[in-house]
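What follows is a short report on a single structure.
We count residues from 1, following the sequence as given. Worth saying up front: this structure is predicted, and the values here are computed from it rather than measured.
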Amino acid sequence: MILDGKQTSAKILDMVKDRVSALDKKPHLVVILVGDNPASKIYVRNKQKAALQVGIQSTIIELPKETTEAELLDKIEELNNNSDVTGMLVQLPLPEHINKNKVVTAISPKKDVDGFNPENVGRLAIGLEPYFYPATPQGIIMLLDEYNIPIKGADAVVIGRSNIVGKPMAQMLLKRNATVTICHSFTQNIEDKIKTADIVISAVGKKIVRCKMVKKNSVIVDVGIFKNENGQLTGDVDFDVVSPSAGFISPVPGGVGPMTIASLMLNASKVYQ
Ligand code: GUN
C-alpha cells in the first residue's frame with residue numbers, strides 16, 4: 001500500500017485552515033533565507049504558498065549571502081521581540097561563515113516552528129513537551145498514524161543522523177515506544193539491520209535501500225529527494241525492488257515532502273504568547 005502524503009497532507013492543511021480561522025490572534029510566520037541556494041528558494045516559496053492556503057500570514061526575508069552572522073543574529077533578535085511575529089525559521093543550509101547552531105539557539109523556543117532550538121530538542125529528549133516538533137519527523141508520524149501503523153513495540157531503523165530528520169525522528173519513535181536503531185555512514189552490515197526492521201525510515205540523499213531484503217509487510221518511509229544521473233527526482237529507496245515485499249511504502253515525490261509542509265503549517269498555526 002502506498003503511504004499517500006499528498007492526500008494526507010491535504011487533510012491536515014484543511015484542519016489547520018479551520019484551526020487558524022478560529023484563532024483570536026492570527027499567526028504570522030517569518031521565513032529567513034540567506035543567499036541564493038536554488039533548492040532553498042523553492043522550499044521557501046512552497047512554504048509561503050502553503051501558508052497562504054491555510055490563512056497564515058507569511059513574510060519572506062531574503063538576505064544576501066554576504067550577511068554576517070552578527071547581522072543575522074540581530075535580525076532574529078528583532079523578530080523575537082516583535083509580538084506580531086508568532087513563528088520564524090531560518091532556511092538551511094546557511095553560507096559557511098555562519099554557524100547554524102548559533103542561529104537556531106538564538107530563535108525564541110516559542111517561535112521556533114522548526115523545533116531546532118536546543119530547548120525544544122532537549123525537551124523532546126527528556127520527555128517534556130517541546131513547543132514545536134521538527135516538521136519532517138512530525139509529518140512522518142502523522143502519516144504512519146493516518147494508516148494506523150503500529151509504532152509501539154515496533155523495530156524501527158532510522159537511516160541518517162541529521163539534526164533535521166534522523167535524530168528527532170529517532171526521539172519521536174522512542175517516545176512512541178518503538179525500539180530504535182540509528183544507522184549512519186559508519187554502520188556495518190546495514191542490510192542486516194534493514195531486513196529485520198518493521199519500520200524503515202531513510203533520510204540520506206542517496207540510493208541506499210536497494211535490497212529485496214526488506215522484511216515482509218514492513219513499512220518503508222523515504223525521506224530522500226534528489227536528482228539521479230538522468231535528472232529525474234528520486235528517493236533513497238529503490239521503489240520497484242522494495243515495494244513488492246513492503247506492506248506500506250511512501251513514494252517520492254508525493255510522500256514525505258508534502259507531509260513536511262503540512263506539518264510545518266500545523267506548527268505555524270500554534271501561537272504562544
Ligand atoms: N532545510 C532542509 N530541511 C529544512 C527544514 O526542515 N527547516 C529548515 N529551516 N531548513 C531546512
Side-chain angles (χ1 to χ4, degrees), residues 1-20 22-23 27 29 43 46-47 49-51 53-56 87 89 112-116 120-121 123-125 127 129-154 156-160 162-178 180 197-203 218-225 235-237 246-271:
M1 240 189 122
I2 299 290
L3 295 168
D4 188 335
K6 235 176 134 176
Q7 199 183 329
T8 308
S9 66
K11 270 167 74 172
I12 293 165
L13 288 171
D14 279 346
M15 183 268 286
V16 172
K17 188 175 180 178
D18 289 346
R19 190 175 150 147
V20 170
L23 288 173
L29 172 68
Y43 293 141
N46 287 341
K47 289 171 188 182
K49 226 171 79 186
Q53 190 188 332
V54 298
I56 294 176
L89 66 88
D112 171 35
V113 291
D114 265 335
F116 294 165
N120 284 321
V121 177
R123 281 177 164 267
L124 175 58
E129 190 69 16
Y131 297 106
F132 299 96
Y133 291 92
T136 301
Q138 175 174 255
I140 291 169
I141 296 278
M142 291 192 291
L143 189 58
L144 298 177
D145 285 345
E146 174 71 15
Y147 288 86
N148 296 311
I149 290 163
I151 300 175
K152 185 165 71 181
V157 165
V158 177
I159 312 173
S162 70
N163 291 341
I164 296 179
V165 184
K167 279 190 268 185
M169 187 75 252
Q171 290 287 3
M172 290 182 75
L173 290 165
L174 205 50
K175 187 169 189 277
R176 292 282 295 267
N177 300 307
V180 183
D198 302 308
I199 300 173
V200 177
I201 296 175
S202 186
S218 58
V219 178
I220 311 294
V221 178
D222 193 346
V223 188
I225 185 153
D236 292 359
V237 178
F248 292 90
I249 185 165
S250 75
V252 174
V256 172
M259 290 304 296
T260 295
I261 296 271
S263 167
L264 180 69
M265 292 306 121
L266 179 64
N267 284 352
S269 73
K270 285 188 186 152
V271 174

task: Check I151, V158, L124 against M172 for a side-chain contact (heavy atoms from CB on, under 4.5 Å) and give me the one that passes.
output: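 Only one of I151, V158, L124 forms a side-chain contact (heavy atoms from CB on, under 4.5 Å) with M172, namely L124.
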
message: Under the side-chain contact (heavy atoms from CB on, under 4.5 Å) test against L266, which residue among I261, L13, V16 passes?
response: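 Of all the options given, the one that passes is V16.
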
- prompt: Taking all non-hydrogen atoms of both residues, which atom of A203 and which atom of V165 are closest, and how far apart?
  reply: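 Nearest pair, atom of A203 first, then V165: CB-CG1, 3.7 Å.
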
Heavy-atom pair of closest approach, residues P168 and P134: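 What the structure gives for the nearest pair is CB-CG, 3.7 Å.
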
Look up atom [atom1] in [X] and atom [atom2] in [Y], then write down how far apart they are to the nearest 0.5 Å.
| X | Y | atom1 | atom2 | result |
| --- | --- | --- | --- | --- |
| M169 | I140 | CE | CD1 | 5.0 Å |
| M15 | S269 | CE | OG | 7.5 Å |
| M265 | S9 | CE | OG | 11.5 Å |
| Y133 | K175 | OH | NZ | 3.0 Å |

field: Residues D14, R19: salt bridge by 4.0 Å N-O rule
entry: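 Salt bridge: no.
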
- prompt: Would the number of heavy atoms belonging to other residues, nucleotides or ligands and lying under 6.0 Å from CZ of F248 be above 12?
  reply: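 Count over threshold, so yes.
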
- prompt: For K17, does the NZ atom sit with more than 12 other heavy atoms under 6.0 Å from it, leaving out its own atoms?
  reply: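 No, not enclosed.
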
- request: Quick one: do D145 and I141 satisfy side chain to side chain contact (heavy atoms under 4.5 Å, CB included)? Show the steps, please.
  value: CA-CA 6 Å; D145 285 345; I141 296 278; 3.7 Å; yes

Is the side chain of [X] donor-acceptor paired with the backbone N or O of [Y] at a distance under 3.5 Å, no angle test?
| X | Y | value |
| --- | --- | --- |
| N120 | Y131 | yes |
| S263 | A135 | yes |
| D114 | F116 | no |
| N267 | V113 | yes |
| D236 | D222 | no |

Heavy-atom side-chain proximity of [X] to [Y] below 4.5 angstrom:
| X | Y | value |
| --- | --- | --- |
| L3 | I249 | no |
| V20 | P27 | yes |
| L89 | K47 | yes |
| L144 | V221 | yes |
| R123 | F132 | no |
| I201 | I159 | no |
| L143 | D4 | no |

task: Begin with the C-alpha distance, continue with both residues' side-chain angles, and end with the deciding distance and a verdict on side chain to side chain contact (heavy atoms under 4.5 Å, CB included) for K152 and R176.
output: CA-CA 6 Å; K152 185 165 71 181; R176 292 282 295 267; over 6 Å; no

message: Once salt bridge (Lys or Arg N to Asp or Glu O under 4.0 Å) is applied, do any residues pair with D198, and if so which ones, sequence neighbours excluded?
response: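 D198 satisfies salt bridge (Lys or Arg N to Asp or Glu O under 4.0 Å) with K215 once adjacent residues are dropped.
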
- prompt: Where do T8 and E146 land on the side-chain hydrogen bond (donor to acceptor under 3.5 Å, both in side chains) test, with the steps shown first?
  reply: CA-CA 7 Å; T8 308; E146 174 71 15; 4.7 Å; no

